[in-house]
There are 2 protein chains.
Amino acid sequence: MNKKSKEKSILILFGEKVRAERLKQHLSQEKLAEKAGLHRTYIGMIERAEKNITLENIKKIADALKVKITNLFEEL
Amino acid sequence: MNKKSKEKSILILFGEKVRAERLKQHLSQEKLAEKAGLHRTYIGMIERAEKNITLENIKKIADALKVKITNLFEEL
DNA sequence: TTGTGACTTTAAGTCCGTC
DNA sequence: CGACGGACTTAAAGTCACA
């Protein structure tokens, strides 16, 4: 899986969801990273769909945002 | 993340969901692997929660099972 | 048909920084 | 605050032989 591939993928949709929810709560990437126990640069990479996130980290982010995982995949 | 850790995690719940759905459709791990474009043993590892699956592979499996991703996280 | 250990390759994920 | 890069460590991806 190439880091630079442009396919309109689930990763992009997921990143958009995370960003939208983060902004709605007025959190910086740094704050969200802190809450999720992840690194600040990594949150940015997820939002830009540069990394293929694992299930456990999906859960950490969902928890940090206080949303259900299903909310992050709504129209899928 | 230790392969042997016993934490009742999201990985276990996900594996159970996949197995339940696979059996409901009377598919072998091998058949599902073929449909998903993944390896036979890998599907087994996912069902037994030995691998922290990434989002793209979650999608492949959901597609192969013809279910929505949200269905695989229903009561989360 | 599935589980498991061993294994190599690739990518996830961290941490430093600059713009 | 966020995008992005380089270098790095750890873990996932992916495969195999055999139980």
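Computation of the quantities below employed the complete heavy-atom set of this structure, encompassing side-chain atoms and omitting hydrogens, waters and symmetry-equivalent molecules. So that the names make sense, note that chain A is the first sequence line, chain B the second, and so on, each numbered from 1.
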* Asked: Roughly how many Å is it from CD1 in B:I53 to C1' in D:dA11, rounded to a whole number?
  -> 14 Å
* OP1 or OP2 of D:dA11 sitting under 4.0 Å from any side-chain N/O of B:N52? -> no
* Passing candidate, salt bridge (Lys or Arg N to Asp or Glu O under 4.0 Å) with A:E47, options A:K17, A:R40, A:R22 -> A:R22
* To do: To the nearest Å, give me how far apart CD1 (B:I43) and C1' (C:dT4) are.
  => 16 Å
* Between B:Y42 and B:I61, is a side-chain contact (heavy atoms from CB on, under 4.5 Å) present by the stated rule, with each step listed? -> CA-CA 11 Å; B:Y42 186 60; B:I61 291 176; 5.7 Å; no
* Could you tell me the separation between the CD atom of B:E50 and the P atom of C:dG5, rounded to a whole number of Å? => 8 Å
* Asked: Do side-chain atoms of A:N52 reach the backbone of B:E56 as a donor and acceptor pair under 3.5 angstrom?
  -> yes
* Check: A:I69 and B:I10 side chains under 4.5 Å, non-hydrogen atoms -> yes
Taking N or O atoms only and anything under 3.5 Å, show me the protein contacts with nucleotides 15-17 of chain D, one pair per line.
unit_1, atom_1, unit_2, atom_2, d
D:dC16, N4, B:T41, OG1, 3.4

* Rounded to whole angstroms, how far apart are CD on A:E47 and P on D:dG2? -> 8 Å
* Structure fact -> Rounded to whole Å, the CZ-P distance (B:R48 to C:dT2) equals 11 Å
* Asked: Less than 3.5 Å between a donor and an acceptor, one on the side chain of B:K51 and one on the base of D:dA13, is that the case here?
  -> yes
* Asked: Where each residue is assigned the nucleotide of DNA chain C containing its nearest heavy atom, which of B:G44 and B:T54 is assigned the position nearer the 5′ end?
  -> B:G44
* Asked: Is the backbone of B:K68 close enough, under 3.5 Å, to the side chain of B:N71 for a donor and an acceptor to pair up by distance?
  -> yes
* **Basic-acidic side-chain contact under 4.0 Å: B:E21, B:K24** => yes
* Round to a whole Å and report the spacing from CD of A:E56 to P of D:dT10. => 17 Å
* Looking at residues 22-31 of chain B, who's got a heavy atom less than 4.0 Å off DNA chain C? -> B:R22, B:S28, B:Q29, B:E30
* Asked: To the nearest angstrom, how far is A:I46 atom CD1 from C:dA12 atom P?
  -> 8 Å
* Is any side-chain nitrogen or oxygen of A:R19 closer than 4.0 Å to OP1 or OP2 of D:dC1? -> no
